[in-house]
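A short write-up of the structure that comes next.
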Amino acid sequence: MIQSADFSVEEEIAKMKAISSRMGGIVTFLGTARDFSKGHDVVKLTFEHYSKMAEQAMLKIRESALEQFSIIDVMMIHRIGEIGIGENIVLIVVGAEHRQDAFTACAWCIDELKKTVPIWKREETPDGQIWVEERP
Amino acid sequence: MIQSADFSVEEEIAKMKAISSRMGGIVTFLGTARDFSKGHDVVKLTFEHYSKMAEQAMLKIRESALEQFSIIDVMMIHRIGEIGIGENIVLIVVGAEHRQDAFTACAWCIDELKKTVPIWKREETPDGQIWVEERP
Amino acid sequence: MPHQITIRFFAHLKDLAGMESVSLPFEQDCPLKQLIAQLEETIPALKSRGGIQMAVNHAFVNDEAIIHPGDEIAFLPPFSGG
Amino acid sequence: MPHQITIRFFAHLKDLAGMESVSLPFEQDCPLKQLIAQLEETIPALKSRGGIQMAVNHAFVNDEAIIHPGDEIAFLPPFSGG
């Protein structure tokens, strides 16, 4: 899901837990806005996306993760628009019977999101705005 | 920390975020009580611990993780006493500048906790109580 | 939609192109690379693009893809979400 | 504390021993293995222990460790936290 509103990690985990009582491990990745990046200060972030394509790419990651890992479910949210330092950017929640599968799938999903979802970050720095293009 | 009370994932993540504005990734492992284990139903869990030794072992894991991984901080909570199906058992929150370090450290901490912290799980099943001894 | 195509720019390409999107009259199928060549004449800054991926109707394509009237073409710089 | 030691049992060993802990009179230093041998005579079920680790004063030790009056000795079955 792509949205400008913030999300609650607790609520998203609660939704994940509600899916199955077989769930033994939930691994979560939360990406937040840092005040420093590659040697310069950052004051604020703005995320832009190619709406339809980004939604499709997120769905594809979910389907592919469910196919290739022994997990029960995976949920992804990415925020767009203006995001202040310390605020939430992205959340990935993976529920599995066993923790190793959840760790592997969660790390894979965030890597894949960065590679395949058309979302772009603009950093506002004391010296102006920078569109970030490297994959961290 | 070892406690019988439940914890709030959101609050623990908020505490982690407050530690540093350099934090870019927070990886969380939440272990919850499953209703099924190694072929039998589980109705309830009870955790027992060797208090002083368990606290020491948890501190040692934290120190060791801070030493060997590029992370900003790590926080661990394990509950003891009675725990119903679907309830939280253990939480590990790792904050880092970069996500790979957070994933690696979080997975290491939960492995290490299972290996080195004197905590024991008793499963209540429809056929009686079982002290679990294998390392999952 | 028929007889025209829409071209969309994102991130720094939007700044380079000076616009977010443009609709152009378009009558006859042609390879994407031909369309790009034409655009580069109008917007020379596009020539400096590196690592750009192209999408047609929300699917990644290469330069050889054939563009039809009604298509939505997008210039996508390297992503930086997450 | 002097002139006695405390022995603690956990998890299924607590059930086997029929007690959580016991304090025994103890005057003279001796190796842990000697103490364990004595305990096994009193509580035969302890003989069947597998994968048990021993701790003295909250630190892991092996059978050769020397026990002193005042020590706390713990029988620790394989852990199952997390």
Side-chain angles (χ1 to χ4, degrees), chain A residues 1-4 29-34 37-38 42 45-61 76-81 83 88-92 106-124 128-136, chain C residues 1-2 4-24 26 32-33 35-36 39-40 43-82:
Chain A
M1 205 170 11
I2 299 178
Q3 60 187 47
S4 55
F29 173 76
L30 174 66
T32 57
R34 300 165 60 207
S37 168
K38 297 182 180 39
V42 176
L45 300 176
T46 305
F47 285 90
E48 164 176 304
H49 73 313
Y50 186 10
S51 166
K52 190 166 166 189
M53 211 174 164
E55 295 282 3
Q56 282 173 355
M58 299 264 280
L59 285 178
K60 197 175 152 201
I61 294 172
M76 296 189 286
I77 303 178
H78 199 296
R79 290 179 66 200
I80 47 152
I83 293 187
N88 298 331
I89 299 170
V90 59
L91 177 69
I92 300 187
C106 190
W108 182 84
C109 284
I110 180 63
D111 285 354
E112 204 64 10
L113 185 150
K114 285 174 180 269
K115 272 188 279 189
T116 67
V117 181
I119 296 180
W120 297 272
K121 172 164 68 178
R122 194 178 65 198
E123 293 174 346
E124 194 170 313
Q129 299 181 334
I130 307 168
W131 280 105
V132 180
E133 298 208 342
E134 303 105 309
R135 295 170 191 163
Chain C
M1 281 297 205
Q4 66 173 25
I5 54 172
T6 302
I7 299 164
R8 301 187 62 171
F9 302 101
F10 291 92
H12 85 277
L13 290 181
K14 198 169 61 177
D15 300 339
L16 283 183
M19 61 182 113
E20 202 172 302
S21 76
V22 59
S23 291
L24 300 177
F26 191 85
L32 177 57
K33 59 185 171 188
L35 177 75
I36 293 174
L39 277 170
E40 283 175 350
I43 311 167
L46 283 182
K47 281 183 194 163
S48 65
R49 66 188 209 284
I52 305 292
Q53 293 183 84
M54 300 298 305
V56 173
N57 300 330
H58 310 101
F60 294 111
V61 296
N62 65 30
D63 280 9
E64 307 296 332
I66 302 300
I67 306 301
H68 310 276
D71 282 352
E72 176 171 308
I73 293 111
F75 283 75
L76 310 172
F79 310 146
S80 51

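Everything quoted here is computed from the prediction, not taken from an experiment. Chain identifiers are assigned alphabetically (A, B, ...) following the order of the sequence lines, protein sequences preceding nucleic acid strands; residue numbering begins at 1 within each chain.
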| Contact summary for A/Thr116 and C/Phe60, nearest pair of heavy atoms | O-CZ, 4.3 Å

| request: Go through the atoms of C/Asp15 and report whether side chain, backbone, both or neither lie under 4.5 Å from a heavy atom of chain A. | output: side chain

| message | Taking atom CD as the centre, does A/Gln3 end up with more than 12 heavy-atom neighbours from other residues, nucleotides or ligands that are less than 6.0 angstrom away? | response | yes

| Do you see a donor-acceptor pair shorter than 3.5 Å between the side chains of A/Glu133 and C/His12? | yes

| query | Nearest heavy-atom pair of C/Ser80 and A/Val132: which atoms, and what distance? | reply | OG-O, 2.7 Å

| request: Check each of A/Glu48, A/His49, A/Met53 against C/Phe10 using the side-chain contact (heavy atoms from CB on, under 4.5 Å) test, and report the only one that passes. | output: A/Glu48

| query | Looking at A/Tyr50 and C/Arg8, what are the two nearest heavy atoms and their distance? | reply | CE1-NH1, 3.5 Å

| query | Any donor and acceptor pair, going by atom type alone, linking the side chain of A/Trp120 with main-chain N or O of C/Pro77 inside 3.5 Å? | reply | yes

